[in-house]
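Beneath this line is the structure, given in structure tokens, with notes to follow.
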Amino acid sequence: MPRFSVRWTLSVLLILAVGGTFLFCEYLIYFPTILKCGIDARPMDSAVRAMVLSDTHLLGAVGGHWFDKLRREWQMERAFQTALWLLRPEIVFILGDIFDEGKWSSQKHWEDDVRRFHRMFRHSADTELVVLVGNHDIGFHYEMDWFKLQRFEKVFNASSTRIVTRKGVNFLLVNSVALHGDSCPICQSVEKELIKLSRDLNCSLQVGRNSCEGSQAYPPTPPIMLQHYPLYRLSDAGCTGQDAAPPEERHLLFREKYDVLSKEASQRLLQWFKPRLILSGHTHSGCEVLHENKYPEISVPSFSWRNRNNPSVILASVSPTSYALSKCFLPEESTVISVYCSAGTCLLLLLLAHCLWVKGLLQCLSLCLLGKHKSL
């Protein structure tokens with residue numbers, strides 16, 4: 001009876017320990033981490049509550065190992081669903097590189113990737129999801145074509161270059177993959193659309209609008225510009241913070257039209273739109289840059305553990321005249337691994353202690369029986 005009781009108690013402890021560790025690492029850990037996030041300024045009246053993330057890189061059929069897919073996609077799904085529940089954004093922006101292999105995936109693999117994306121990033125009807133295009137979605141400039149771009153736009157039911165207006169706030173979405181300034185058909189189409197949007201926005205900012213016949217009216221406020229590629233900068237040397245690039249990588253020079261936009265494309269965007277804030281992705285690391293001493297840009301780190309140990313999102317409260325930002329860090333993958341390793345070590349020690357205790361008990365019983373046999 002005592003032996004049965006000990007075994008039963010040990011089994012219950014093991015089940016509770018394993019179950020508790022799994023529950024904490026795969027569900028509960030996201031809640032206290034994301035709850036730390038809060039808007040730095042007081043909530044503004046009539047402000048748009050937006051969440052911004054980037055570079056989810058859903059693995060494809062070619063380069064994605066099944067366990068890598070399972071682990072990283074589960075992490076992103078739990079982080080996204082917990083953030084939606086706790087932070088209650090009205091609109092969510094994903095700044096491109098949604099998929100890792102969109103630039104070469106077959107139609108069958110593309111449909112599978114899209115199905116997984118919609119499952120992971122499901123949301124209620126009162127939250128709007130807006131997706132931008134990145135180089136991994138349609139290819140770099142030399143790889144992109146109309147088929148890949150239109151396939152992407154069809155899935156997300158929207159043009160890759162447009163303005164989204166909410167509560168008097170203009171969010172300008174830019175297809176930065178097509179800003180090479182050459183004569184490629186997609187580049188010409190995107191540039192033509194940007195020029196039109198610039199004219200419409202500038203006309204909306206004018207009081208008289210005498211020379212703006214036929215232009216579309218927008219709220220008279222400079223836009224928040226969102227794109228995949230960052231504007232031109234030499235490197236990440238001036239970037240600081242726990243989500244910045246590693247120190248050994250910060251002084252590596254960026255390549256124009258590959259790591260960042262070209263100088264010319266960056267200057268044109270700033271001249272056309274004069275944005276009050278730029279949000280970009282692509283580098284997988286965080287950075288804050290001030291262009292021409294008046295145009296702030298924030299590079300949003302990757303949302304996936306596959307690209308960095310400490311992913312994060314930006315929570316923004318934006319009104320027509322001001323904005324407040326807060327960076328919300330997600331659980332670190334190293335923390336989860338440490339918890340699992342610590343729990344595993346404790347379980348092994350518990351089992352070892354139990355085995356030694358049982359072995360000692362058996363030796364004690366053997367000695368008692370042997371003593372009784374000799375006395376007889």
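- Contact annotation: the side chain of H57 approaches that of H136 to within less than 4.5 Å [non-hydrogen atoms, C-beta and beyond].
- No side-chain donor-acceptor contact under 3.5 Å links Q227 and S280.
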#### Entry: Verdict with supporting geometry, D182 and H141, side chain to side chain donor-acceptor pair (under 3.5 Å)
CA-CA 10 Å; D182 59 13; H141 170 260; 2.8 Å; yes
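- Here the shortest heavy-atom pairing between L132 and L226 reads CD2-O, 3.1 Å.
- Distance alone, capped at 3.5 Å, places no donor-acceptor pair between the S302 side chain and the H284 backbone.
- In this structure a side-chain-to-backbone donor-acceptor pair under 3.5 Å is missing from E333 to N309.
- Atom CZ of F67 is surrounded by 12 or fewer heavy atoms from other residues, nucleotides or ligands within 6.0 Å.
- Between R308 and D243, none of the side-chain N atoms (NZ, or NE/NH1/NH2) sits under 4.0 Å from a carboxylate O, so this pair counts as no salt bridge.
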### Task
May I have the step-by-step check of side-chain contact (heavy atoms from CB on, under 4.5 Å) for L58 and M76, ending in yes or no?
CA-CA 10 Å; L58 268 70; M76 288 192 287; 4.2 Å; yes
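- Atom CG of L269 sits about 11.5 Å away from atom NZ of K274, to the nearest 0.5 Å.
- Going from atom CH2 of W146 over to atom CZ of R151 covers 15.5 Å, rounded to the nearest 0.5 Å.
- Side-chain contact between L84 and R88 is absent, with no heavy-atom pair separated by less than 4.5 Å.
- Side-chain contact check for V130 versus I91: some heavy-atom pair is nearer than 4.5 Å.
- Side chain of E191 to backbone of A178: no donor-acceptor contact under 3.5 angstrom is found.
- Taking hydrophobic clusters as Ile, Leu, Val, Met, Phe, Trp and Tyr residues chained together by side-chain heavy-atom distances below 4.5 Å, F152 shares a cluster with Y142.
- Put simply, the side chain of D137 gets close to the backbone of D97: a donor and an acceptor are under 3.5 Å apart.
- Under a 3.5 Å cut-off, the side chain of T221 and the backbone N or O of P320 do form a donor-acceptor pair.
- For the pair K148 (side chain) and K103 (backbone), a donor-acceptor distance under 3.5 Å is present.
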Atom pairs and distances, donor-acceptor, side-chain atoms in residues 342-349, under 3.5 Å, two or more places apart:
unit_1, atom_1, unit_2, atom_2, d
S342, OG, S338, O, 2.9
T345, OG1, C341, O, 2.8

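- R78 forms a cation-pi arrangement with W74, by the criterion of a distance under 6.0 Å to the ring centre and an angle within 45° of the ring axis.
- Using modelled atom types, one side-chain atom of S176 and one backbone atom of Y229 make a donor-acceptor pair closer than 3.5 Å.
- Residues F117 and F156 bring their aromatic ring centres within 6.0 Å.
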### Task
Might you work through the side chain to side chain donor-acceptor pair (under 3.5 Å) test for N175 and H228, ending with a clear yes or no?
CA-CA 7 Å; N175 179 355; H228 182 63; over 6 Å; no
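- For the residue pair R233 and S299, a side-chain donor N or O sits within less than 3.5 Å of a side-chain acceptor on the partner.
- The aromatic ring centres of W104 and F99 sit 6.0 Å or more apart.
- Using a 3.5 Å distance cut-off with no hydrogens or angles, the side chains of H291 and E297 do pair a donor with an acceptor.
- Side-chain contact check for F80 versus L53: some heavy-atom pair is nearer than 4.5 Å.
- Annotation: cation-pi pair R71/W305 absent, no NZ/CZ under 6.0 Å from the ring centroid and within 45° of its normal.
- Within the model, atoms CD of Q242 and NZ of K327 stand 8.5 Å from one another, a figure rounded to the nearest 0.5 Å.
- Residues Q188 and S183 have side chains that never bring a donor and an acceptor to within less than 3.5 angstrom of each other.
- Residue L194 holds its CG atom at 9.5 Å from CD1 of I163, rounded to the nearest 0.5 Å.
- Screening R49, K167, R166 for a salt bridge (charged side-chain N to carboxylate O under 4.0 Å, His left out) involving E90 leaves a single residue, K167.
- Using a cutoff of 4.0 Å between basic side-chain nitrogens and carboxylate oxygens, D112 and K108 are not scored as salt-bridged.
- Residue-environment remark: NZ (K263) stays at or below the threshold of 12 foreign heavy atoms within 6.0 Å.
- No more than 12 heavy atoms of other residues, nucleotides or ligands sit less than 6.0 Å from atom CH2 of W85.
- One N or O on the side chain of Q81 and one on the backbone of M120 form a donor-acceptor pair closer than 3.5 Å.
- Taking L252 as the reference, E249 meet the side-chain contact (heavy atoms from CB on, under 4.5 Å) condition, with sequence neighbours excluded.
- When side chains are defined from C-beta on, I186 does not count as touching S189, because their heavy atoms never get closer than 4.5 Å.
- Rounded to the nearest 0.5 angstrom, L86 CG and L35 CG are separated by 4.5 Å.
- Salt bridge present: E77 and R122 bring a charged side-chain N and a carboxylate O closer than 4.0 Å.
- No donor-acceptor distance shorter than 3.5 angstrom exists from the side chain of S159 to the backbone of R162, with no hydrogens or angles considered.
- Two residues are said to be in side-chain contact when any heavy atoms from C-beta on lie closer than 4.5 Å; P301 and S285 fail this criterion.
- A donor-acceptor distance shorter than 3.5 angstrom exists from the side chain of S204 to the backbone of Y218, with no hydrogens or angles considered.
- The structure places CG of L290 at 10.5 Å from OH of Y295, a figure rounded to the nearest 0.5 Å.
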